[in-house]
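For reference, the structure discussed in these notes is given below.
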Amino acid sequence: MTEDYEHYEAVVVGAGPGGAAAAATLARNGVETVVLERGVDAGSKNVTGGLIYAEESAPYTIDGIFPGFREHATERPVTDYYIHNIAGEQVRTFDITDGHEQDTEWADAVLRRKMDSWMARQVHEITRETGGGLLTEVKVNGLLEEDGEIVGVTCEELDPIKADFVVAADGVNSELAREAGLMDWEEPEEWFQGVKAVVDMPGDTINERFGIADDEGEAHLFSGDLYDGVRGGGFLYTNQDSLCIGNVFHLDSIVEEEAEVQDLLDALLTHPVLAQWLGDDYDEREYSAKLVPDSKKAANPSPHQGRLVLVGDAGGQMQAQGPIIKGMNHAVTAGALAAEAFVEARSRGEPDSAGERYERRLHDEGVMAKLRPARYEVASALGENDTTTRLAERALDSSVGRLGVRMADRVGLLERAYSSPYLATMMPDTKTPYVTLPTIIGEELGATVEAESTVELPSLEERIGDLTYDTDVGNPHIVVEDNSFEASGAAVTACPVSAMDYGGGCYRDETVQSNGDEKRVVSLDTQPCVECGTCAIVADTQWEHPRGGKGVEFREG
């Protein structure tokens with residue numbers, strides 16, 4: 001191994017919120033920092049459910065690190081928050097703004113391409129002053145090691161780079177975290193899959209249909225029998241001149257129900273409750289999907305090894321508790337805390353202690369308590385089993401249970417319960433809160449929605465065809481290790497760009513006949529892959545990122 005490799009004090013892999021916060025904080029403290037981003041532009045590989053929060057209790061917020069952030073990088077502030085309980089065409093809506101505003105300084109709707117690109121420009125200027133900078137279309141494909149110790153990173157487009165500190169902010173599919181043994185792909189119940197449509201709508205039309213002003217915005221959540229028993233829910237966020245509409249489901253539930261995720265999205269888009277906002281004209285700008293970790297189960301309590309630290313999705317730092325989902329704000333805090341830890345470690349002449357200092361800060365600042373709340377540990381131990389779920393659902397569906405639901409609504413208890421952060425942090429991951437209870441609420445308390453949806457949705461082929469790809473011919477990034485349907489068939493239904501009865505998806509289900517035998521197998525065409533990584537978790541496959549700049553390029557994100 002040559003010693004002529006380029007050296008920086010810090011290498012940050014990924015220019016999302018966590019990487020940007022880490023890089024800016026490092027550079028402002030005089031640390032020579034280079035940022036390596038895989039996409040053609042920061043944000044081109046990223047998708048968000050829609051909101052970034054500034055928490056009052058957080059030690060760092062994104063607008064504190066990047067002045068002007070809200071003015072230049074966000075869409076609208078979210079000022080009103082609702083949850084809709086759906087049973088057929090009956091809907092009962094609760095205002096949960098009070099719960100949303102707990103510990104919230106502000107929350108804005110965002111689109112990742114716009115947001116990340118703006119932050120990347122700031123990061124490049126800040127890091128250049130240290131002798132570093134931000135490079136795009138560079139895929140970091142591994143850890144550089146000497147004598148068993150991490151000393152930098154390896155790249156497909158560049159020579160290896162040495163560094164005293166490596167920040168892996170390379171997302172939920174972090175290859176660095178996997179290589180270091182800090183992340184595994186084995187458990188679908190540790191992940192959510194989000195699928196989203198960005199729908200074109202002029203700003204004045206949004207204002208008129210939602211009854212809001214230019215400086216106001218709304219968030220709407222949906223749950224109930226809309227999704228045929230799949231655990232999860234839907235969302236709608238207002239942007240400046242578009243809407244983000246999508247679903248987030250527990251990945252294991254998608255697999256168990258053999259659900260077609262694009263059909264579930266269409267069920268939401270065509271439900272009468274959305275007709276009041278969508279009208280007759282439907283112009284879908286972009287279809288996208290993303291895998292996110294469930295921090296309650298996946299947040300790494302010790303996200304570091306040697307000189308490597310994990311921030312954001314790479315560290316499992318995505319909080320989904322009840323109707324409130326927060327991820328980007330935790331990535332920002334984690335990135336800044338990791339940088340702060342290295343600066344302190346360096347000043348004490350102990351740079352290798354940065355990881356342990358970072359872990360301590362995550363705990364001292366209360367980040368880990370938010371990501372893995374103790375209340376959920378207790379509630380899940382008691383409530384996440386078949387017997388408890390069966391008893392709870394039987395009780396809710398009884399005449400006494402339904403009477404209790406009506407009484408609870410009459411005294412305002414249901415609305416307060418939906419707005420309670422305390423209850424949200426201990427909600428069990430069963431069908432009861434996602435499907436059964438909302439359905440009963442809709443049946444007992446809902447009003448029939450009179451509107452009729454007339455939108456004409458694009459087909460899956462049209463959605464895939466509208467995405468921008470730079471194909472990576474000759475370098476497949478998905479390898480099916482066992483092509484039998486029993487081993488890898490879950491990918492057929494769980495993949496958001498491939499489904500039964502649709503052609504041109506990244507996976508196809510085929511029957512092969514040979515020597516009188518018939519075998520059902522899975523074959524693949526990687527071109528339309530949206531790089532969510534679902535297949536690597538639910539099927540017997542090997543998955544890695546495409547080369548820098550290759551693969552899907554989201555325009556909205």
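FYI, the numbering just counts along the sequence from 1. Since this is a predicted model, take the numbers as computed values, not measurements.
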Met426: which residues meet the side-chain contact (heavy atoms from CB on, under 4.5 Å) condition with it, sequence neighbours left out?
Arg375, Ala379, Tyr422, Leu423
Which atoms form the tightest heavy-atom contact between Asp482 and Ser488, and what is the distance?
O-OG, 2.5 Å
Any side-chain heavy-atom pair of Gln319 and Tyr53 under 4.5 Å:
no
Salt bridge (charged side-chain N to carboxylate O under 4.0 Å, His left out) partners of Asp409, counting only residues at least two apart
Arg92
Could you list all the salt bridge (Lys or Arg N to Asp or Glu O under 4.0 Å) pairs where at least one residue sits in residues 311-328, not counting sequence neighbours?
Glu55-Lys326, Lys290-Asp313
Taking the side chain as C-beta and beyond, is there a heavy-atom pair between Asp98 and Tyr81 under 4.5 Å?
no
How would you list, by chain and number, every residue that makes a side-chain contact (heavy atoms from CB on, under 4.5 Å) with Glu56, sequence neighbours excluded?
Asp103, Glu105
When rounded to the nearest 0.5 Å, the distance separating CE of Met328 from CE of Met318 is 10.0 Å
For Phe554 and Ser288, which heavy atoms make the closest approach, and how far apart are they?
CE2-CB, 3.4 Å
Surrounding CD of Glu384 (heavy atoms of other residues, nucleotides or ligands, distance under 6.0 Å), is the total greater than 12?
yes
Sorted by chain and number, sequence neighbours left out, salt bridge (charged side-chain N to carboxylate O under 4.0 Å, His left out) with Asp252 holds for Arg231
Answer yes if the ring centres of Phe235 and His220 are under 6.0 angstrom apart, and no otherwise.
no
Salt bridge (charged side-chain N to carboxylate O under 4.0 Å, His left out) partners of Arg406, counting only residues at least two apart:
Glu444
